[in-house]
Amino acid sequence: MTNLVPNIAYDYAELAKVSGIELPTPKTEAWKYTRLRDLLDCPYTLCTPSSATGPELPLKADVIHISNGRLVSALPQVAGAEITVIDHVEEKTHHPFAQMNALYLTQGLQITIRRKLSRPLVLNYHMSPNGENGFYHWRNIINCEKDSSAAIIEQFTYEGEVKSCYLANLVNDINIQAGASLQHYKYQNEAFKANHVALHEITIAADGKYESFCLQKGANIARNETEISLNGEGAEAVVNAAYMMNGWATLDTTTNVYHYQPHTKSSQLVKGVVGGTAKGVFQGRIHIAPNAVCTSGTQLHKAMVLSDDAEIDVKPELEIFADDVKCSHGAASGEIDKEQLFYMRSRGIGEEEAKTLLIDAYVTDVINHITDSSVREWFKSLI
Amino acid sequence: MNTPLLEIEDLCAEVCGKQIIKDFNLTINEGEVHAIMGPNGAGKSTLSYVLCGKPGYAVTSGSVRFKGKDLLAMSVEERAREGVFLIMQYPVEIPGVPTTTFLKHAVNAVRKHQGLPELDTMEFLKMVREEGRLLGIDNEMLKRPINVGFSGGEKKRMETLEMSILKPDFAILDEADSGLDIDALKVVAEGVNRLRDGKRSMLVITHYQRLLNYIVPDFVHVFADGHIVRSGNKDLALELEQNGYAEFVKEK
């Protein structure tokens with residue numbers, strides 16, 4: 001880890017530059033919809049420690065509290081898993097924010113899943129800005145050993161000054177070994193001027209399974225990026241997400257799914273609701289390598305646009321270099337269905353109440369894909 | 001003494017700039033069932049949407065009073081809460097919204113307007129299951145999203161259930177018989193007749209006399225070219241069944 005001086009406001013782009021890391025610009029193709037200028041506009045100081053913790057989840061779980069980018073609770077003893085604190089990592093990819101994350105790591109966890117866990121592991125990230133525009137870099141290295149199974153839930157919340165434009169930079173390095181399965185759920189509800197950049201790098205071996213769902217409701221600029229490598233026959237990934245925003249935020253869902261082996265399967269369902277001047281971004285790529293025959297990759301993005309000034313940018317990409325594959329992508333966006341709205345109002349339900357019911361139904365459709373019922377009910381309570 | 005419930009005077013209305021309802025007059029008193037019959041394209045469905053306040057259906061002149069109040073000044077939901085209910089010809093499907101959730105919101109919105117306490121989930125379910133049983137609607141159907149995957153008959157039974165639990169003072173049945181086989185028609189008609197209590201009024205819109213064998217009207221009106229061209233009792237329906245609408249369409 002390279003040392004940063006506390007209480008110094010760093011220009012994030014400048015800090016990257018002097019560290020030999022080239023951050024993307026608004027012209028960089030993979031980032032051009034993400035309104036990076038907003039994210040890089042504000043100088044950040046290293047977050048000062050806090051002991052405040054985030055709200056508990058209404059489900060039985062082992063919980064790890066992380067506050068302002070640092071562990072604040074004792075690590076739980078989880079039967080079937082080994083969890084240790086890390087303070088330095090190597091970044092193998094060229095992802096600029098992940099490189100920054102590694103170089104200036106605040107803290108992180110190494111989580112090894114040895115067998116089937118009896119209850120979910122919750123990573124409860126909380127931010128209490130204390131009047132500063134802080135930043136932190138957090139990383140989890142998650143190794144799911146052969147035939148193990150686990151559910152990991154990440155929750156991001158804040159308290160205090162809502163106008164703080166802090167930056168959370170997160171990376172999950174996830175390795176799913178043969179026959180192992182991981183359910184990975186995330187709820188992002190950062191302060192409304194905050195920035196949140198998360199990268200999940202996942203490799204999946206033969207017959208391994210990754211199921212994810214991410215609900216984004218907060219932040220000013222938030223990017224949830226998932227990169228999946230299906231490296232063994234029978235490997236499977238479900239990458240679902242939903243986002244809801246009424247202010248002016250940009251919520252970005254970016255996926256890259258690489259099918260490297262035959263008989264691999266992936267599916268993506270993303271649904272968004274945007275109002276105000278908010279912007280929803282979906283960039284989804286499915287790549288099928290030349291030998292990866294008998295694979296299936298599907299992708300669907302749907303958005304409901306509630307105002308004239310809200311915006312949706314969708315960029316689906318299919319790169320198919322093999323025969324005998326099933327691939328599909330689709331995108332649709334529209335307003336609230338007027339006939340449905342009229343029908344509900346004609347039965348006495350007020351217009352705003354009817355809209356809420358219709359929006360809830362729209363998003364619940366994705367939530368219903370979550371296999372764990374208590375997690376499913378929790379997400380339903382959040383929309 | 002006849003107490004007027006709905007008074008429509010010189011009503012003119014248009015859709016997409018085209019005038020469909022022209023100088024329409026009709027008064028319906030408490031407890032009366034009126035039938036409106038007419039050829040395709042006469043504006044029958046338009047009339048029902050105008051009375052419900054559907055966006056896009058613009059009243060250009062005339063007045064409608066409901067229980068003495070200006071109906072046209074009310075929003076869609078206000079009209080429903082005041083007691084106007086439309087059995088729609090083509091009820092929409094609403095994926096993701098369970099039927100019971102929807103019905104509970106509707107019932108409580110109307111009860112709140114009437115100054116009644118909201119029903120809790122148990123009270124509501126008991127009531128809706130009882131009413132549902134009379135219409136052949138089981139719990140499975142109530143759990144499904146509204147109208148999604150319902151057959152034509154199931155949709156009309158659901159419309160009738162909604163009416164039964166909302167208990168409107170005035171119900172409009174827009175082609176309630178379309179898409180129904182004779183058994184489904186009987187179930188729907190029985191549901192409607194159960195609500196005829198001498199106070200509640202209805203407006204039955206139909207092409208065919210058949211429905212009127214089951215829901216017997218007090219008055220029958222012939223509707224052509226945007227207004228009523230002839231009125232009579234239930235025998236007028238039988239006459240129309242024999243002679244068709246040709247003479248009325250020519251009249252204009």
Side-chain angles (χ1 to χ4, degrees), chain A residues 213 215 240-244 269-273 300-308 330 332-370 373 376-383, chain B residues 48-49 51-57 74-114 116 118 145-148 155 158-159 161-168 171-172 174:
Chain A
F213 173 73
L215 175 65
N240 292 346
Y243 56 90
M244 301 171 86
L269 175 63
V270 178
K271 278 188 151 184
V273 180
L300 180 62
H301 175 266
K302 291 177 90 172
M304 197 184 265
V305 183
L306 303 179
S307 71
D308 290 343
S333 61
E335 299 166 5
I336 282 194
D337 188 295
K338 290 191 174 69
E339 292 294 325
Q340 293 177 348
L341 191 60
F342 170 67
Y343 188 80
M344 295 183 118
R345 295 176 68 199
S346 79
R347 270 45 175 154
I349 301 174
E351 186 167 0
E352 288 311 309
E353 192 180 345
K355 280 182 178 171
T356 304
L357 280 169
L358 289 171
I359 290 167
D360 283 1
Y362 190 76
V363 175
T364 300
D365 176 47
V366 200
I367 294 175
N368 280 336
H369 286 75
I370 295 172
S373 64
R376 197 164 59 226
E377 293 313 309
W378 174 57
F379 274 113
K380 281 184 189 172
S381 74
L382 298 173
I383 58 171
Chain B
S48 63
Y49 286 143
L51 293 177
C52 288
K54 187 172 188 178
Y57 292 74
M74 298 179 202
S75 67
V76 179
E77 52 269 40
E78 283 168 344
R79 296 179 199 205
R81 291 169 192 169
E82 279 289 327
V84 176
F85 185 92
L86 169 63
I87 287 197
M88 297 198 195
Q89 191 176 0
Y90 303 110
V92 292
E93 300 189 356
I94 309 183
V97 181
T99 302
T100 43
T101 306
F102 164 69
L103 294 179
K104 187 162 177 263
H105 279 261
V107 166
N108 283 333
V110 172
R111 286 181 67 92
K112 201 174 162 193
H113 180 78
Q114 293 168 342
L116 296 169
E118 295 190 7
I146 311 159
N147 291 324
V148 175
K155 282 180 183 165
M158 186 56 71
E159 294 289 286
L161 173 66
E162 289 171 16
M163 180 170 71
S164 307
I165 63 174
L166 293 177
K167 301 192 170 27
I172 308 164
D174 187 9

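Naming: A, B, ... by sequence-line order, numbering from 1 per chain.
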- Message: If we define contacts as heavy-atom pairs under 4.5 Å, which of B:Val84, B:Asn108, B:Leu166 has the most with chain A?
- Response: B:Leu166
- Query: If you tally heavy-atom pairs under 4.5 Å against chain A, which of B:Glu78, B:Met163, B:Arg81, B:Arg79 wins?
  - Reply: B:Arg81
Please find the pair of heavy atoms, one from [X] and one from [Y], that lie closest to each other, and give the distance.
{"X": "B:Gly53", "Y": "B:Val76", "value": "O-CG2, 3.1 Å"}
{"X": "B:Ala80", "Y": "B:Val110", "value": "O-CG2, 4.5 Å"}
{"X": "B:Glu159", "Y": "B:Leu86", "value": "OE1-O, 3.8 Å"}

Would you mind writing out the side-chain donor-acceptor pairs for residues 88-103 of chain B within the sub-3.5 Å range, not counting sequence neighbours?
from, atom 1, to, atom 2, distance (Å)
B:Glu93, OE2, B:Lys155, NZ, 3.3
B:Thr99, OG1, B:Arg144, O, 2.7

- Residues that B:Glu82 engages under side chain to side chain contact (heavy atoms under 4.5 Å, CB included), provided they are two or more places apart: B:Phe66, B:Lys67, B:Lys69, B:Met74, B:His113
- Message: Tell me every residue that passes side chain to side chain contact (heavy atoms under 4.5 Å, CB included) with B:Leu116, counting only those two or more places apart in sequence or in another chain.
- Response: B:Arg111, B:Gln114
- Task: Tell me, out of A:Glu351, A:Arg345, A:Gln340, who's got the most heavy-atom pairs with chain B below 4.5 Å.
- Result: A:Arg345
- Message: Test side chain to side chain contact (heavy atoms under 4.5 Å, CB included) on B:Cys52 and A:Phe342; report intermediate values, then the result.
- Response: CA-CA 10 Å; B:Cys52 288; A:Phe342 170 67; 4.1 Å; yes
- Message: Quick check on A:Glu339 against chain B: is it the side chain, the backbone, both or neither that has a heavy atom closer than 4.5 Å?
- Response: both
- Message: Can you tell me how the ring of A:His301 sits relative to the ring of A:Tyr243, calling it parallel under 30°, perpendicular over 60° and tilted otherwise?
- Response: parallel
- Message: Non-hydrogen contacts under 4.5 angstrom with chain B: give the residues of residues 357-368 of chain A involved, or none if there are none.
- Response: A:Leu357, A:Leu358, A:Ala361
